[in-house]
Amino acid sequence: MPADPVKELAASLAEATGAELELERPADVEHGDYATNAALQLAGARRRAPREIAAEIADTAAGLEVVERAEIAGPGFVNLFLRDEWFAGAVGGILDDGDGYGGGGAHERTRVQVEMVSANPTGPLTVASARNGAYGDAVARLFALTGHEVEREYYYNDSGAQMDRFRASVEAVRRGEEPPEDGYRGAYIDDLAALKGDPVPLMLKEIEASLDRFRIHFDTFRRQSELEQRLPELLPRLDTYEKDGALWARSSAYGDDEDRVLLRSDDRTPTYRAADVAYLVDKLERGFDRAIYVLGADHHGTRNWYAAVARMLGYDPARVEVLLYQLVHLTRGGEQTKMSKRRGDVVFLDEFVNEIGVDAARWYLVNRGPDQTIEVDVDLAAERSQKNPVYYVQYAHARIAGILRNAPENASNKLSLSGSLATEERELVKRLAELPGVVADALAKRGPQAVPAYAIRVADDFHRFYHEHRVLESEQEVFRLGLCLATQRVIATCLELVGVEAPDRM
RNA sequence: GCGCCCGUAGCUCAGUGGACAGAGCGGCGGACUUCUAAUCCGCGGGUCGGAGGUUCGAAUCCUCCCGGGCGCACCA
């Protein structure tokens, strides 16, 4: 079972106290290395004074080998001060875990599918799609780290009105004409016109190349035209009715906001919503315990639709999950740029990456919570790239690599101590010990922004330690080398989760 | 009108029940003969949109109000 030094400490305390208890790092060092508010929470249920319960917890804690002393504070907090041996043990545990550190323990392994990006191939990917991918991929990576089996899928519409307009636009240019009024235009249309054949697969190939460069890799692709084949078999299984010549799904009776049209009144062709039905069945039949849709906030109106379809067909709606993220606003020198594929002034993912690089781009796009609209000044992001926090974190990784290049090769996870640990060392260890909690929390909330925020804190603590203490040829060399290795591992894991490289030199 | 999201330092944002609210950028002032100064240290900066309520304790939970964004297609 992967290490979680803090949880282990909490568990040994809970065992003796007979109550669940959580440890947190107090903001003030005067309040110890860790503190618990368990007494305050238990007081009500047990009808006892908080400080009385706190005294019992403190007594138990003081009896633990790794606890130097325990104090009762304020209304009933218990503050723990730990011995150096605990810190050495924590670092050893992290090193024992290797790449798996942060994954936490005892999870049921499930099969998860994350469907993301799924932009229709009518043009290059925009920055909005990039956020979809950066967010979805970060969530996928969190699932993977915690021991789940994850597959990434891209779904696209290869038929229908939009695709017709797209194809017609390219054809028009090939004939030397202007694209139709409601068509697509721009340099990329001209480029596609210069090539032969159906522009849809050509465009899709370009999109794949952009995503590959953006470090997002799909396991599978699904096409709408293919899925629609199954509709004759599936539609009769739904709760439907005829109205105004169209076929409607009675989805409002299954938790959706409204009913949806499945077959159009004019020609009885299937709508996108109908294809959704086939696609959902396709996903669930493939045996995923959880099917995750990553959608832009402009699609929030259909958030309840997918679970409604699952219910209608007798599947457990808990297997279906919709993740929403707010839009991205790009500015250039303060001027808003419009994000429409129809005009020439869009900002594409490739342009974005050209200007600020993959590392900064991915960092920027997961750095904010999904509910927060992102505002990126492209000029500023490119210009200030050296001051971007992503480089601050990468630099810590590179600095450690530098130390390790010069270090003797006597790696052992049993870290002996010579003399007492300094404040910077203890703070850094406690920071590293937070990773399993950060990861678990980020996954539970589907909020990967916690990872880069934490990575900054790790880099912060490391840089401070580095500034104050020498590693090589110091009294504490053995412990400090272990601490450096553990720090490097934690930073590498955080960057990996965000999709950013961890360089050995900068 | 209805629904979802947001409102925290000059700017961009972390922070969903705990002890004096945080970071980056921007401003000012310091620190390199050392394992990388892309670093470190210090200073200044906030009625957490507003008003009530729940709680021992609220930026965080509930209600109302104000402001901004996005939806409310037989487009996807």
Side-chain angles (χ1 to χ4, degrees), chain A residues 24 26-28 30-31 35-37 40-41 43-44 50 73-77 79 118-120 122 156-157 160-163 165 224 243-248 257-258 260-276 296-304 324-327 329 331 364 367-377 380-381 384-396 398-407 441 445 447 449-450 452-454 456-457 459-460 462-474 477 480-481 484 505-506:
Chain A
E24 54 183 29
D28 188 338
E30 298 293 307
H31 296 147
T36 180
N37 59 7
L40 289 161
Q41 295 183 328
F77 292 100
N79 299 330
S118 296
N120 287 334
T122 56
Y156 64 99
N157 183 358
Q162 275 193 26
M163 301 313 297
R165 280 200 290 276
Q224 181 174 328
K243 194 180 97 182
D244 304 332
L247 182 71
W248 293 70
D257 306 350
E258 58 192 356
R260 313 276 178 180
V261 173
L262 296 171
L263 297 179
R264 298 185 177 89
S265 57
D266 49 2
D267 56 4
R268 304 293 283 186
T269 54
T271 62
Y272 185 81
R273 297 275 82 93
D276 277 342
D298 51 342
H299 290 79
H300 76 256
T302 58
R303 186 179 32 178
N304 297 322
L324 294 172
Y325 61 91
Q326 298 294 319
L327 306 181
H329 292 144
T331 60
Y364 264 86
N367 194 21
R368 303 297 181 224
D371 285 339
Q372 189 74 236
T373 305
I374 293 183
E375 205 150 309
V376 181
D377 187 320
L380 199 69
R384 307 277 183 206
S385 62
Q386 297 305 306
K387 303 243 176 180
N388 190 302
V390 69
Y391 299 107
Y392 178 78
V393 174
Q394 286 183 319
Y395 184 55
R399 264 185 156 178
I400 295 170
I403 296 171
L404 297 176
R405 274 195 295 274
N406 297 321
D441 202 46
K445 290 176 181 165
Q449 75 277 11
Y454 166 72
I456 291 172
R457 296 281 77 79
D460 220 4
F462 175 76
H463 285 310
R464 195 169 298 119
F465 157 76
Y466 180 95
H467 192 259
E468 294 296 322
H469 307 282
R470 241 199 107 76
V471 175
L472 301 177
E473 290 143 32
S474 69
E477 184 181 283
R480 286 180 183 163
L481 273 174
C484 284
R505 294 177 198 273
M506 283 178 78

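These numbers come from the heavy atoms of this one structure, side chains and all, not from hydrogens, waters or symmetry mates. Chain naming here is simple, since letters A, B, ... match the order of the sequence lines and numbering starts at 1 in each.
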Considering just the side-chain nitrogens and oxygens of [X], establish if one lies under 4.0 Å of OP1 or OP2 belonging to [N].
X      : N     : result
A:Q449 : B:G15 : yes
A:Y466 : B:C32 : no
A:Q224 : B:A76 : no

ask   = Is any side-chain N or O of A:D298 under 3.5 Å from a base N or O of B:G71, one able to act as donor and the other as acceptor?
value = no
Nearest to side-chain heavy atoms of [X], which nucleotide of [options]:
X      : options             : result
A:L472 : B:C40, B:C35, B:C56 : B:C35
A:R264 : B:A76, B:A23, B:U39 : B:A76
A:A73  : B:C4, B:C6, B:A19   : B:A19
A:L327 : B:C70, B:A14, B:C74 : B:C70

Categorize [X] for me: base, sugar-phosphate, or nothing, with a 4.0 angstrom heavy-atom threshold over every strand shown.
X      : value
A:R464 : sugar-phosphate
A:R273 : base
A:L40  : base
A:R505 : base
A:G369 : sugar-phosphate
A:N37  : base
A:N79  : base
A:D460 : sugar-phosphate
A:S265 : base

query = Between the side chain of A:R268 and the main-chain N/O of A:G245, is any donor-acceptor distance below 3.5 Å?
reply = yes
ask   = Does any nucleotide pair with B:A37 by Watson-Crick or G-U wobble geometry, both distances under 3.5 Å, and what is it?
value = none
